[in-house]
Amino acid sequence: MKEPAVSADPTQVLAFETDCHIFDGCGFPAPGLHSFLFEPIVGNADDAVYFNKTMLLALLGSIIVIGFFWAAFRKPKVVPGKLQMVAEAGYDFIRRGVVYETIGKKEGEKYVPLVVSLFFFIWMMNLWSIVPLAQFPVTSIISYPLVLALIVYVLWVSLTFKRHGFVGALKNFTGYDKSLGPVLPLAMFIEFLSNLIVRPFTHAVRLFANMFAGHTLLLLFTIASWYLLNGIGIAYAGVSFIMVIVMTAFELFIQALQAYVFVLLTCTFIQGALAEHH
């Protein structure tokens with residue numbers, strides 16, 4: 001009887017034996033947290049600083065986004081070529097469809113570069129999930145969405161204090177409204193926790209959780225397709241493979257949607273910081 005097909009090394013991405021199939025006496029190698037851990041490419045896991053696959057994908061993703069827009073706009077033309085046309089369409093979609101619609105043209109123009117950068121960076125980090133050889137969404141590691149949310153959080157808080165001053169900012173964060181009467185202290189406390197504690201956490205977790213769950217499902221059906229490829233299980237393997245295709249197509253939609261939601265919330269926070277408190 002073979003042991004369950006789970007690698008002893010928890011840092012392997014797909015921790016299963018390639019010769020393990022149903023009816024071979026080995027258990028199903030279900031994906032888990034070990035599927036999100038990687039051996040360092042440079043350094044050791046015990047070191048304070050090391051370089052692994054997710055960091056490499058984040059670096060490559062940054063280079064791809066920067067390289068794409070540089071190539072598209074380094075020699076802009078009045079009549080744009082195909083690359084410039086695609087870049088302009090993407091840039092204009094975020095500028096008009098997200099920033100202008102949420103913040104307004106006058107106030108929002110200065111934040112367009114930040115929001116466009118966030119959208120395309122997050123989208124690229126998500127897209128790695130379906131790119132051969134990479135096959136991993138960087139944003140399924142909580143530290144990446146957390147840092148991005150922290151950047152937005154710092155911008156939002158600093159803008160609030162800059163626009164409204166110390167007292168005005170506190171009113172903005174706490175939803176101060178004297179018409180609430182006796183429940184005002186409780187309402188202010190709840191609003192304070194919601195705005196300064198819960199809001200940045202949910203901003204990061206929304207992106208992380210969707211990418212984490214999507215990647216887990218893709219792994220589940222991919223591994224199942226291989227595991228069932230034996231005897232009568234071949235029929236079920238075909239169904240599982242169809243689910244891989246369906247989930248991949250669905251992930252393409254979710255990857256773009258989550259990048260859009262992240263920047264839409266970013267613009268909502270900025271708009272709230274700039275709006276006059278009533």
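Values reported hereafter were calculated over all heavy atoms of this structure, with side chains retained and with hydrogens, waters and symmetry mates removed. Bear in mind the structure is a predicted one, so any value in this text is a computation, not a measurement.
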Would you indicate whether the side-chain heavy atoms of [Y] and [X] approach each other to under 4.5 Å?
X    : Y    : result
R206 : V261 : yes
H164 : K171 : no
L218 : E251 : yes
F93  : Y260 : yes
V115 : C267 : yes
F269 : L159 : no
E88  : P80  : yes
P137 : M125 : no

Query raised in the report: Is the side chain of N172 donor-acceptor paired with the backbone N or O of G272 at a distance under 3.5 Å, no angle test?
Result: yes

Query raised in the report: Is there a donor-acceptor pair under 3.5 Å between the side chain of K53 and the backbone N or O of A134?
Result: yes

**Report entry** Centroid-centroid under 6.0 Å between Y153 and H203 rings
**Finding:** no

Query raised in the report: So, for F38 and F136, is the gap between ring centers shorter than 6.0 Å?
Result: yes

Got a list of side-chain donor-acceptor pairs under 3.5 Å for residues 182-197, not counting sequence neighbours?
| residue | atom | partner | partner atom | Å |
| --- | --- | --- | --- | --- |
| N195 | OD1 | R199 | NH2 | 3.1 |
| N195 | ND2 | F173 | O | 2.6 |
| N195 | ND2 | E191 | O | 3.2 |

Query - With sequence neighbours excluded, residues passing side-chain contact (heavy atoms from CB on, under 4.5 Å) with V198 - result: T202

Query raised in the report: Who passes side-chain contact (heavy atoms from CB on, under 4.5 Å) against Y100, sequence neighbours left out?
Result: R95, R96, K105, E109, V112

Supply the members, apart from [X], of the Ile/Leu/Val/Met/Phe/Trp/Tyr cluster built from side-chain contacts under 4.5 Å; use none for a lone residue.
X    : answer
M85  : none
V147 : I151
V78  : none

[atom1] of [X] to [atom2] of [Y]: how many Å apart, nearest 0.5 Å?
X    : Y    : atom1 : atom2 : value
M247 : L219 : CE    : CG    : 11.0 Å
F119 : L264 : CZ    : CG    : 11.0 Å
E101 : Q271 : CD    : CD    : 12.5 Å
D177 : S179 : CG    : OG    : 3.0 Å
I223 : L228 : CD1   : CG    : 11.5 Å

Report task. Report the C-alpha distance between Y91 and F120 in whole Å, list the side-chain angles of each, state the deciding distance to 0.1 Å, and finish with yes or no for side chain to side chain contact (heavy atoms under 4.5 Å, CB included). Result -> CA-CA 9 Å; Y91 186 91; F120 283 99; 5.6 Å; no

Which heavy-atom pair separates [X] from [Y] by the least distance, and what is that distance?
X    : Y    : answer
L207 : F262 : CD2-CD1, 4.1 Å
A87  : F69  : O-CE2, 4.0 Å
Q135 : P132 : CG-CA, 4.1 Å
I103 : I270 : CD1-CG2, 3.7 Å

Please tabulate, for the side chains in residues 54-66, all donor-acceptor contacts under 3.5 angstrom to protein atoms that are two or more places apart in sequence or on a different chain.
| residue | atom | partner | partner atom | Å |
| --- | --- | --- | --- | --- |
| T54 | OG1 | N52 | OD1 | 2.8 |
| T54 | OG1 | Y144 | OH | 3.4 |
| S62 | OG | A58 | O | 2.9 |

Query raised in the report: Do V246 and W226 share a hydrophobic cluster, counting only Ile, Leu, Val, Met, Phe, Trp and Tyr and linking them when any side-chain heavy atoms are less than 4.5 Å apart?
Result: no

Query raised in the report: Is L155 linked to L146 within one hydrophobic cluster, defined over Ile, Leu, Val, Met, Phe, Trp and Tyr using a side-chain heavy-atom separation of less than 4.5 Å?
Result: no

Report task. Over 60° means perpendicular and under 30° means parallel, so classify the ring planes of F250 and F253, tilted if in between. Result -> tilted

Report task. Output every pair passing side chain to side chain donor-acceptor pair (under 3.5 Å) with a member in residues 111-131, not counting sequence neighbours, ordered by first then second residue. Result -> N126-T139

Report summary line: ring pair (Phe, Tyr, Trp, His ring centres under 6.0 Å) filter on F212, not counting sequence neighbours, yields F36, F208

Query raised in the report: Tell me the salt bridge (Lys or Arg N to Asp or Glu O under 4.0 Å) pairs involving residues 141-165, sequence neighbours left out?
Result: E107-R163

Requested in this report: Enumerate the residue pairs fulfilling salt bridge (Lys or Arg N to Asp or Glu O under 4.0 Å) with a member in residues 217-243, sequence neighbours excluded, ordered by first and then second residue.
Outcome: none

Query raised in the report: Given the rule in the side chain to side chain contact (heavy atoms under 4.5 Å, CB included) test, do L118 and T266 qualify, once you have shown the distances and angles that lead to the verdict?
Result: CA-CA 9 Å; L118 282 174; T266 297; 4.2 Å; yes

Return a table of donor-acceptor pairs under 3.5 angstrom between the side chains of residues 238-245 and protein atoms on other chains or two or more places apart.
| residue | atom | partner | partner atom | Å |
| --- | --- | --- | --- | --- |
| S240 | OG | F221 | O | 2.8 |
| S240 | OG | S225 | N | 3.4 |
| S240 | OG | S225 | OG | 3.1 |

